[in-house]
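These figures come from a predicted structure and were not determined experimentally.
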Amino acid sequence: MRPASVVDAVYDHVYEQLMALDIAPGARIPIDVIARELDVSQTPVREAMSRLEREGLVRKAHLIGYSAAPQLTRKQFDDLYTFRLLLEPECARLAVVNMTPDSLRLLEEAAADMEHGETPVDRTSRYSRFARADAHFHDAILRIAGNEVIRATLFNQHVHLHLFRLMFHTRVTQEALEEHDNLLAAFRAGDAVAAEAAMREHILRSRDRLLAAFD
Ligand SMILES: [Zn+2]
């Protein structure tokens, strides 16, 4: 394997364990243990960990090393959803205004990836890949909407990674796919009002689904 693909493989391995909570929030992640587990040197592990650190999924402390980021608090969760509700419905509306046949095709492809992507080996990778595909789909809409300030702000929060880590549950995926279909229908119809409403509905429902994680 080329060094870059070793880093990718290590990243995927740790990412999936974090998303599935196989590595518990707050738990230490010793570099040497991961390196031994995967039979690689410590260099690619360090690189993968610093990528995960930039995404906020792990933290690094002086002399202690890496640990899994703590789970979102209820307050952080509420704040994130308020933030999404302010920005994403408006971006769905803007996306309709700026939609081209090419962008619509890209969106359809991003949505299809979520339903028919490469067959995952198990439930863990199915879930973590879904989280990534969902992030990609939402980012594609923001890209089409064309407001770079909003896009960069949402992107830098890595909203989807943190929300998906809250709950490792397959029901989330099927319902979200249906809501994405409603969004796509509005984009296809060029209906800005319907797109804004469909995004608001999707975010509200997603909030309700994940709220159960705090019970
Ligand atoms: Zn979604």
Side-chain angles (χ1 to χ4, degrees), residues 15 19 54-57 69 71-117 127-167 169 171-214:
Y15 170 88
M19 295 302 278
R54 285 196 296 279
E55 295 176 344
L57 285 174
Q71 197 62 282
L72 288 181
T73 64
R74 178 62 199 269
K75 167 87 166 67
Q76 289 172 317
F77 176 83
D78 289 342
D79 288 355
L80 262 184
Y81 268 96
T82 302
F83 181 65
R84 292 189 72 186
L85 280 168
L86 279 172
L87 300 176
E88 290 194 62
E90 169 63 6
C91 284
R93 188 189 67 78
L94 282 172
V96 170
V97 174
N98 297 328
M99 193 65 70
T100 64
D102 277 351
S103 341
L104 184 59
R105 191 174 41 76
L106 284 176
L107 265 188
E108 305 255 17
E109 280 168 14
D113 266 358
M114 295 175 73
E115 294 189 55
H116 319 290
Y127 187 76
S128 55
R129 277 181 215 173
F130 187 89
R132 233 181 303 193
D134 189 50
H136 180 72
F137 179 73
H138 283 260
D139 189 55
I141 294 171
L142 298 178
R143 211 184 283 266
I144 296 164
N147 185 317
E148 274 308 311
V149 177
I150 296 179
R151 183 176 163 247
T153 308
L154 274 165
F155 186 81
N156 290 334
Q157 295 293 321
H158 301 286
V159 172
H160 289 77
L161 302 189
H162 297 288
L163 291 175
F164 270 88
R165 201 167 63 113
L166 274 179
M167 196 191 250
H169 196 304
R171 187 176 70 93
V172 169
T173 58
Q174 191 49 48
E175 289 183 5
L177 287 178
E178 288 161 19
E179 291 155 23
H180 285 182
D181 281 344
N182 294 340
L183 257 172
L184 280 173
F187 287 135
R188 266 184 232 115
D191 188 335
V193 174
E196 187 178 354
M199 182 63 95
R200 186 176 308 279
E201 180 78 7
H202 174 42
I203 295 174
L204 285 170
R205 288 197 186 180
S206 148
R207 183 183 66 183
D208 289 348
R209 282 191 292 267
L210 291 170
L211 259 180
F214 294 100

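Scanning for ring-ring contact (aromatic ring centres under 6.0 Å, His included) contacts around F155 gives H158, with sequence neighbours left out. Here A197 pairs with nothing under the side-chain contact (heavy atoms from CB on, under 4.5 Å) rule; sequence neighbours left out. With sequence neighbours left out, the salt bridge (charged side-chain N to carboxylate O under 4.0 Å, His left out) criterion links R207 to no other residue. Remark: R205 pairs with E201 by the side-chain hydrogen bond (donor to acceptor under 3.5 Å, both in side chains) rule, at least two apart or across chains. Not counting sequence neighbours, the partners of Y15 by the ring-ring contact (aromatic ring centres under 6.0 Å, His included) test are Y11. When the ring-ring contact (aromatic ring centres under 6.0 Å, His included) test is applied to F77, the partners found at least two apart in sequence or on another chain are Y81, F214. Remark: R188 engages L104, E108, L184, A185 in a side-chain contact (heavy atoms from CB on, under 4.5 Å) (not counting sequence neighbours). Partners of D78 according to the side-chain hydrogen bond (donor to acceptor under 3.5 Å, both in side chains) rule, which considers only residues two or more places apart in sequence or in another chain, are R74. Judged as a side-chain contact (heavy atoms from CB on, under 4.5 Å), and not counting sequence neighbours, the contacts of T153 are F83, V149. Every side-chain contact (heavy atoms from CB on, under 4.5 Å) that E148 has, sequence neighbours left out, goes to R151.
Residue pairs meeting the side-chain hydrogen bond (donor to acceptor under 3.5 Å, both in side chains) criterion with at least one member in residues 90-100, sequence neighbours excluded, are E90-R93, T100-S103.
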Please report, to 0.1 Å, the donor-acceptor pairs under 3.5 Å made by any side chain of residues 189-196, with sequence neighbours excluded.
residue : atom : partner : partner atom : Å
D191    : OD1  : V193    : N            : 3.2
D191    : OD1  : A194    : N            : 3.0

